[in-house]
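Below is one structure; the comments refer to it alone.
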Amino acid sequence: STKPGFSHRGEIVKAYVKLKPGLVLTSTELRGFLKDNLAPFEMPSKVEFRNELPKTLIGKPSRKELVAEEQRRAAGYGPSHDDLQDAVAD
């Protein structure tokens, strides 16, 4: 599903998840939790589990880098992050 107002740009809601060591979680379990906490249009249509997230200089997750990675993938350059896990759930 696309976000209201963003469908013309082809944007979707995607969750990037870095689990704490030893924690196991499936995309189904995550969506089960989120459905009680998010509006339907906010529900991620894709979930990507990662070992690491790109960070800004001040240590926050870098949305800019995540968007750039998605654009490289869409252009056919494949996964661009060494720590990208195989588990991408639709």
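- The minimum heavy-atom distance between Pro54 and Glu65, with the atom names listed, is CB-CG, 3.6 Å.
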Walk me through whether Leu66 and Glu48 qualify under side-chain contact (heavy atoms from CB on, under 4.5 Å). CA-CA 11 Å; Leu66 291 170; Glu48 183 177 307; 5.9 Å; no

Quiz: residues 32-41 side-chain donor-acceptor pairs under 3.5 angstrom, not counting sequence neighbours:
from, atom 1, to, atom 2, distance (Å)
Asn37, ND2, Phe33, O, 2.7

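- Partners of Lys60 by side chain to side chain contact (heavy atoms under 4.5 Å, CB included), not counting sequence neighbours, listed by chain and number: Thr56, Ile58.
- Counting all heavy atoms, side chain and backbone alike, Val17 lies closest to Leu19 at CG1-CD2, 3.7 Å.
- Tyr16 OH to Glu69 CD: the interatomic distance, rounded to the nearest 0.5 Å, is 7.0 Å.
- Under the side chain to side chain contact (heavy atoms under 4.5 Å, CB included) criterion, Lys18 pairs with Glu52, Leu53, not counting sequence neighbours.
- For Arg31 (side chain) and Thr26 (main-chain N/O), no donor-acceptor pair under 3.5 Å exists by modelled atom type.
- With sequence neighbours excluded, the residues satisfying side chain to side chain contact (heavy atoms under 4.5 Å, CB included) with Val67 are Gln71.
- To the nearest 0.5 Å, atom CZ of residue Arg63 and atom CD of residue Glu70 are 14.0 Å apart.
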